[in-house]
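Take a look at the structure below.
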Amino acid sequence: HQPSTTNHQQYTYRDFAILVRANSHADPYLRALNMKGIPHKFVGSSGLYNQTEVSLLISFLTAITNFEDSLNLYQLATSEIYNLESLDAIKLISYAKRKTRSLHYILKNIDGIAKGDLEISKESQKVIKKILSDLDEAIDLSRRDNAGHVLYNFLNNSGYLKHLDRQESIE
């Protein structure tokens, strides 16, 4: 896009990004930028699925589509979004394993579990209710809308999108 002479806008290198599907597709662009001496930063060499944010979203999607997958629900519950207390999270996952039940089943039925069997703090009980409420909302939305909108709704409503936006890092 060429700025008009009457409405001249200055662009810097930071105003541009090149997006590619796979890291290998970036090679021709990186070579061309190097040849022209254009400063650049390549982000993505560590792998998309290894990034914390992507892993968290995969855990969320798995939690609403597979109630038997306790690991992803555990990761979601202990993430910076929900911050379920570590001791209580360990108690919950251990209890689920002892009873050969999924973590989702234990969270859903937490009120019916005898107090002597599983002691969970009041704060963790609030977090559990929030997690279940958010998952139920996402499941309901997924019946009417696509995965992108369900993810966006989760990111927005959880406050995680604002958290990510406040970070100054390009990654």
Side-chain angles (χ1 to χ4, degrees), residues 17-26 42-171:
I18 300 171
L19 303 176
V20 294
R21 255 189 208 281
N23 288 345
S24 62
H25 297 165
F42 179 62
V43 179
S45 61
S46 64
L48 181 65
Y49 295 107
N50 294 331
Q51 293 184 17
T52 304
E53 301 83 2
V54 174
S55 177
L56 187 130
L57 293 178
I58 290 170
S59 290
F60 166 73
L61 288 174
T62 304
I64 64 172
T65 57
N66 182 358
F67 297 155
E68 298 303 313
D69 188 320
S70 295
L71 179 59
N72 277 293
L73 181 54
Y74 179 87
Q75 290 173 338
L76 180 65
T78 57
S79 72
E80 60 186 314
I81 291 177
Y82 294 107
N83 288 314
L84 183 65
E85 294 177 22
S86 297
L87 182 59
D88 286 339
I90 292 168
K91 286 180 188 179
L92 287 161
I93 197 75
S94 296
Y95 185 80
K97 284 181 183 177
R98 272 195 326 271
K99 297 296 182 180
T100 61
R101 295 291 192 162
S102 70
L103 181 56
H104 185 268
Y105 178 88
I106 300 302
L107 296 183
K108 276 286 204 191
N109 295 285
I110 195 81
D111 293 335
I113 296 173
K115 293 283 185 207
D117 280 356
L118 187 61
E119 297 278 340
I120 301 295
S121 72
K122 296 251 188 247
E123 184 60 36
S124 288
Q125 289 175 20
K126 289 179 187 173
V127 171
I128 290 168
K129 286 187 188 337
K130 175 71 173 137
I131 292 168
L132 292 173
S133 171
D134 289 354
L135 293 179
D136 286 345
E137 179 183 342
I139 291 165
D140 186 50
L141 183 59
S142 71
R143 291 184 182 112
R144 306 184 307 275
D145 224 325
N146 64 41
H149 190 251
V150 172
L151 277 175
Y152 179 78
N153 189 62
F154 170 71
L155 286 168
N156 198 34
N157 291 348
S158 68
Y160 195 56
L161 191 59
K162 283 184 184 175
H163 166 75
L164 293 174
D165 194 36
R166 283 192 298 266
Q167 292 179 349
E168 295 292 323
S169 168
I170 191 170
E171 284 86 5

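Here the closest heavy-atom approach between residue Asp145 and residue Val150 is recorded as O-CG2, 4.3 Å. Minimum heavy-atom separation, Ala77 to Ile131: CB-CD1, 3.6 Å. Between Ser70 and Leu103, the closest heavy-atom pair is OG-N, 2.8 Å.
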Test log, rule side-chain contact (heavy atoms from CB on, under 4.5 Å), inputs Lys129 and Asp111: CA-CA 10 Å; Lys129 286 187 188 337; Asp111 293 335; 3.8 Å; yes
Audit row: Val54, Ile58, side-chain contact (heavy atoms from CB on, under 4.5 Å) steps and yes/no: CA-CA 6 Å; Val54 174; Ile58 290 170; 3.9 Å; yes
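How far CG of Leu141 is from CG of Leu151: 10.0 Å, rounded to the nearest 0.5 Å. Atom NZ of Lys130 is separated from atom OG of Ser158 by 7.5 Å, given to the nearest 0.5 angstrom. Between Leu107 atom CG and Ser102 atom OG the span is 8.0 Å, to the nearest 0.5 Å. If you take CG on Leu71 and CG on Asn66, they are separated by 11.0 Å, rounding to the nearest 0.5 Å. Within the model, atoms CD1 of Ile18 and NE2 of His25 stand 14.5 Å from one another, a figure rounded to the nearest 0.5 Å.
Between Asp88 and Ile128 the shortest side-chain heavy-atom distance does not fall below 4.5 Å. Residues Leu57 and Glu53 form no side-chain contact, since every pair of their non-hydrogen atoms from C-beta on lies 4.5 Å or further apart. With a 4.5 Å cut-off on side-chain heavy atoms, Leu92 and Ile120 count as touching.
Leu76 pairs with exactly one of Thr62, Ile64, Leu135 by the side-chain contact (heavy atoms from CB on, under 4.5 Å) rule, that one being Leu135.
Pairs of residues two or more places apart, or lying in two chains, that qualify as salt bridge (Lys or Arg N to Asp or Glu O under 4.0 Å) and include a residue from residues 135-144 are Lys108-Asp136, Asp140-Arg143, Asp140-Arg144. Residue pairs meeting the ring-ring contact (aromatic ring centres under 6.0 Å, His included) criterion with at least one member in residues 62-91, sequence neighbours excluded, are Phe67-His104. Within the structure, no pair that satisfies the salt bridge (Lys or Arg N to Asp or Glu O under 4.0 Å) test touches residues 93-105, not counting sequence neighbours.
For the ring-ring contact (aromatic ring centres under 6.0 Å, His included) test, residues two or more places apart in sequence or in another chain that qualify with His163 are Tyr160. When the side chain to side chain contact (heavy atoms under 4.5 Å, CB included) test is applied to Glu123, the partners found at least two apart in sequence or on another chain are Glu85, Ser121, Lys126, Val127. Applying the ring-ring contact (aromatic ring centres under 6.0 Å, His included) rule to Phe154 yields the partners Phe60; only residues at least two apart in sequence or on another chain are considered.
Distance alone, capped at 3.5 Å, is enough to place a donor-acceptor pair between the Ser142 side chain and the Ile139 backbone.
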